Amino acid sequence: MTAQSFLQIMLYLVVLLALVKPLGAYMARIYQDEPAGLNRWLASFEKLLYRCCGIDAKQDMRWAQYALALLVFNLLGLLAVYALQRLQAFLPLNPQNLAAVNPDSAFNTAVSFATNTNWQGYGGETTMSYLTQMLGLTVQNFLSAASGMAVLVALVRGFIRRNSDGIGNFWVDMTRSTLYILLPLSLVLAMLLVGQGVVQTTNPYQTVTLTEAVSYQQSTLDATGKPVTEIIKSQQQTLALGPAAAQIAIKQLGTNGGGFFNVNSAHPFENPTPLSNFLEMLAILLIPASLCYSFGVMVGDTRQGWVILAAMTLIFTSLVFVTVTAEQSGNPLLKVDQIASESQAGGNMEGKETRFGIVNSALWAVATTAASNGSVNAMHDSFTPLGGLVPMWLMQLGEVIFGGVGCGLYGMIVFAIVAVFIAGLMIGRTPEYLGKKIEAFEMKMAAVIILVPPLMVLGGTALALMLEVGKVAVLNNGAHGFSEVLYAFSSAGNNNGSAFGGLSANTPFYNLMLGLIMLFSRYWLMIPVLAIAGSLANKKIVPAGAGTLPTHTPLFAVLLMITVLMVGALTFVPALALGPIVEHLQMTQQVMP
Amino acid sequence: MLNYFKPAVMLLLLLTLLTGVIYPLVVTAFAHTFYADKANGSLIYDAKGQAVGSALIGQSFTQAKYFWGRASATSPYPYNAGASSGSNLGPTNPVLVTAVNARVKTLQAAEPSNKTAVPVDLVTASASGLDPHISVAAVEYQLKRVAKARNMDENKLRELVNAQTETRQWFVFGEPRINVLQLNLALDQATH
């Protein structure tokens, strides 16, 4: 790794961690309804919203009510995105006259955006009208993120409250997350991105005249119906445009990750400069990292939040170095100059952009899979085997190393509950976390939360590889083809959305399979989390005693990291051995399948 | 259930209005007021006022007198900015190795006297298929060929290249690079 790479990584971490406290404190004030500027200036607007919707903001919901409100709201959002895609041909703001999206792809995309997965089975610029992008996808970018934040806040209330039936009001948590956190941050980021060159327009695609004409072959049918290839010469280039900046801002901040264009953040109109890349990377981990501090503030002990953040940051940073080193080492099968120098980034440049080079592509890959963001600025399918293993494993860890906005932290809190349980077994005491006794019900729910994603990932991969429809979609043969399928199910089963793009997943089989898995993984985590919240809120708070395991210490951070890594390693190492690890050995031996 | 339905429908509608209509339109208005050029794709115009490309999107070059850019995996032709795409070829895929070898051969055939190793970015496909840049090493590799094809003094050409080289943004971010289209346009202008 070069000194320059090291500098860019450190700068990223320093700026990110410096923003955690101010934003975390602000978000805690928003959720605790304390004055934080914006929530006082817009208070009457917020009240007006509730009045129009017939919402009683004072209603304190039981966990089942909270879950039902969430499900109904997300279901409606899903239906709206589906309807927009199916009807876009008849709706305005469709300058390219794009046709209706076919039903299975529309279902997959609707689920994908409603569940904060943002898996892309389609190519944005050739599929979605401007209206669908704005009213459907941009909106769900906000609302799915806000749903995750709402569930987190409800869980935190479970720890704070005592002998209480309620865990808060879903409508209020939803509205405040959107209005006071996601919307203002997106507005600022979108404006900064436009300044770097991200497009934002409702004009149709632009045609320009090329300096050098391109010629290409096209197969058509002649008058008698026989296939012929004709050579077409063209001096024109069509530039796909659109209202991208607004969507990209929330796509990153809300850990969504669905690109405006097919190649996502590798597209120069989505991510034109190294600075836009830095800002977008910052946006990806900003809210998930800051929420750790908000959590600490809300439970009345900021050390509890710092411990979780420390565990996340340590795992993240070590994996960044693994990926950067793997990518910088390059591909021994290519007999070209891959040595990093002042005049080139070197390394494995297949599927990477020159302006980002190795370090920014690798750092991005790790950040987007640590958070459940799933956007790409380089093609992960073309990463070296070990460089691709890290993003895949980060998803398989359950999206808890930062994770999605809200959902990453509630996932990590569940792991913390498991960690205190394991420690409790070792010291022979009833486990407690933040003053609440962890009992059979919480452990059962935690087990469901931890077991559902691996079941979806491994079960789905196994099924796909047994069926012909699953296997024909693979682009690269051999171990890498297995990795493509495993990566897809790891992504859907953990609501990430990142892809090994070689897999032709826009088929009825994959659209339906992955769609159902995204739904299942999202809600069979959210519902048990809310159940834990309800159960905890009902309990009294036990004061810490001599046998209580302190959860604000470095020791606990280590225990938490071990728990996450052990579960992730034990579950997935066999599968990873069949894919990236075999391929790594093949590559170093210079064997091609 | 019905108790949840009305708030859900209304809240979805109002938040859609806020985040799906008002928000993007505010950003669009801002963009068109302060960055009209960038918001519409950073277009480059020639002397006659005709759009000849975007400063952010690469174009395909194959003639010896032009610098060549990254390989592009878009279909049906390279640098199709209406359908961005990477190759998605895995590192051990024989198709990748064959393609890279073929590109190396093409470069060497265009300049048989050049025996230096080919910089990796020049013979690998970019992520977007639209990468407008190549590394400084990739320009240096092609410099003699272009100078010869244009009958141009090498040092003069190098000066032109240096003027087009972008350093790391704010001296830290990204990688040093050169915009191929802009360099070639500047070349055409200088030799006319």
Side-chain angles (χ1 to χ4, degrees), chain A residues 53-55 69 72-73 76 126 134-135 138-139 142 190 194 197 199-201 206 208-210 212 214 216 237-241 243 246 261-263 266-268 272 274-275 278 331 333-334 336-338 343-345 349-351 353-355 357 378-379 381 384 476 480 501-502 586-587 592, chain B residues 4 6-8 10-12 14 16 19-20 24 27-28 30-31 35 38-42 50-54 56-57 59-61 76-77 81-84 86 88-94 97 100 117-121 123-124 126-128 130-131 133-137 169 173-175 177:
Chain A
C53 303
I55 292 168
V72 171
F73 188 71
L76 286 173
T126 51
M134 286 164 63
L135 280 191
T138 304
V139 170
F142 277 99
V194 169
V199 293
Q200 175 71 28
T201 181
Q206 171 81 36
V208 298
T209 311
L210 291 170
E212 193 185 301
V214 288
Y216 60 99
Q237 187 182 39
T238 302
L239 306 176
L241 299 171
F261 301 106
N262 184 39
V263 292
H267 198 293
L275 185 61
F278 185 80
N331 183 347
L333 291 165
L334 305 182
V336 293
D337 180 9
Q338 301 182 60
S343 60
Q344 70 160 1
M349 281 300 286
E350 177 71 23
E353 297 281 294
T354 311
R355 61 193 179 283
M379 295 299 123
D381 212 347
T384 59
N476 296 282
H480 196 90
Q586 287 176 330
M587 191 182 79
M592 282 184 274
Chain B
Y4 297 93
K6 192 205 162 196
M10 288 306 294
L11 193 61
L12 180 63
L14 291 174
T16 298
T19 60
V27 178
T28 310
F30 168 87
Y35 299 103
K38 286 178 172 168
N40 288 302
S42 307
Q50 194 183 24
V52 293
S54 160
L56 297 176
I57 304 286
Q59 293 183 8
S60 169
F61 291 98
Y77 49 88
S84 56
N88 285 313
L89 294 173
T92 56
N93 194 327
V97 179
V100 169
V118 181
V120 61
D121 62 306
V123 287
T124 46
S126 63
S128 60
L130 308 172
D131 193 346
H133 300 110
I134 52 177
S135 69
V136 178
Q169 203 169 6
F173 300 119
E175 302 293 333
R177 62 208 179 276

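In the text below, chain A, chain B and the rest are named by the order of the sequence lines, each starting its count at 1. As the structure is a prediction and not an experimental result, all values here were calculated from the model.
Both the backbone and the side chain of B/L11 come within contact range of chain A, judged by heavy atoms closer than 4.5 Å. Heavy-atom distances place both the backbone and the side chain of A/V199 under 4.5 Å from chain B. For a residue to count as touching a neighbouring chain, one of its non-hydrogen atoms must lie under 4.5 Å from one of that chain's; by this rule B/F30 touches chain A with the side chain only. Contact annotation for A/L334: only side-chain heavy atoms (C-beta onward) come within less than 4.5 Å of a heavy atom of chain B. Proximity to chain B involves both the backbone and the side chain of A/E350, based on heavy atoms less than 4.5 angstrom apart. In this structure, chain B has a heavy atom under 4.5 Å from the side chain of A/L241, while its backbone stays farther away. Contacts of A/F142 with chain B are made by side-chain atoms alone, with heavy-atom separations under 4.5 Å and no backbone atom involved. With a threshold of 4.5 angstrom between heavy atoms, A/Q338 approaches chain B through its backbone and through its side chain.
Note on B/G86, B/A117, B/G90: by heavy-atom pairs under 4.5 Å with chain A, the leading option is B/G90. Note: A/G501 leads A/G357, A/A240, A/G501 in heavy-atom pairs under 4.5 Å with chain B. Ranked by heavy-atom pairs shorter than 4.5 Å toward chain A, the options B/P94, B/P7, B/S42 are led by B/P7. Per-residue counts of heavy-atom pairs under 4.5 Å with chain B were compared for A/Q586, A/M587, A/M134, A/Q206; the largest is that of A/M134. Between chain A and the options B/V97, B/T19, B/V52, heavy-atom pairs under 4.5 Å are most frequent for B/T19. Ranked by non-hydrogen atom pairs under 4.5 Å with chain A, the options B/R177, B/K38, B/Q169, B/K6 are led by B/Q169. Of all the listed residues (B/V136, B/L89, B/L130, B/N93), the one sharing the greatest number of non-hydrogen pairs under 4.5 Å with chain A is B/L89. Across B/N88, B/V27, B/T16, the residue that shares the most heavy-atom pairs under 4.5 angstrom with chain A is B/N88. Counting heavy-atom pairs closer than 4.5 Å to chain B, the top residue among A/T384, A/L275, A/L333 is A/L275.
Residues meeting the side-chain hydrogen bond (donor to acceptor under 3.5 Å, both in side chains) test with B/T124, sequence neighbours left out: B/R70. Judged as a ring-ring contact (aromatic ring centres under 6.0 Å, His included), and not counting sequence neighbours, the contacts of A/H480 are A/F500.
Between B/D121 atom CG and B/H133 atom NE2 the span is 12.0 Å, to the nearest 0.5 Å. Taking OG of B/S126 as the reference point, atom CZ of A/R355 lies at 8.5 Å (rounded to 0.5 Å). Atom CD1 of B/I57 and atom OG of B/S128 lie 7.0 Å apart (nearest 0.5 Å). Rounding to the nearest 0.5 Å gives a distance of 10.5 Å between CD of A/Q344 and OG1 of A/T354.
For A/E353 against A/P268, the heavy-atom pair with the smallest separation is OE1-CG, 4.3 Å.
Considering only heavy atoms from C-beta on, B/V123 stays 4.5 Å or farther from A/M349 through its side chain. Side-chain contact check for A/N262 versus A/T126: every heavy-atom pair is 4.5 Å or farther apart. Counting heavy atoms from C-beta outward, B/S135 and B/E175 have side chains that stay 4.5 Å or more apart.
Aromatic ring pairs are classed by plane angle as parallel below 30°, tilted from 30° to 60° and perpendicular above 60°; the pair B/Y77 and A/Y216 is tilted.
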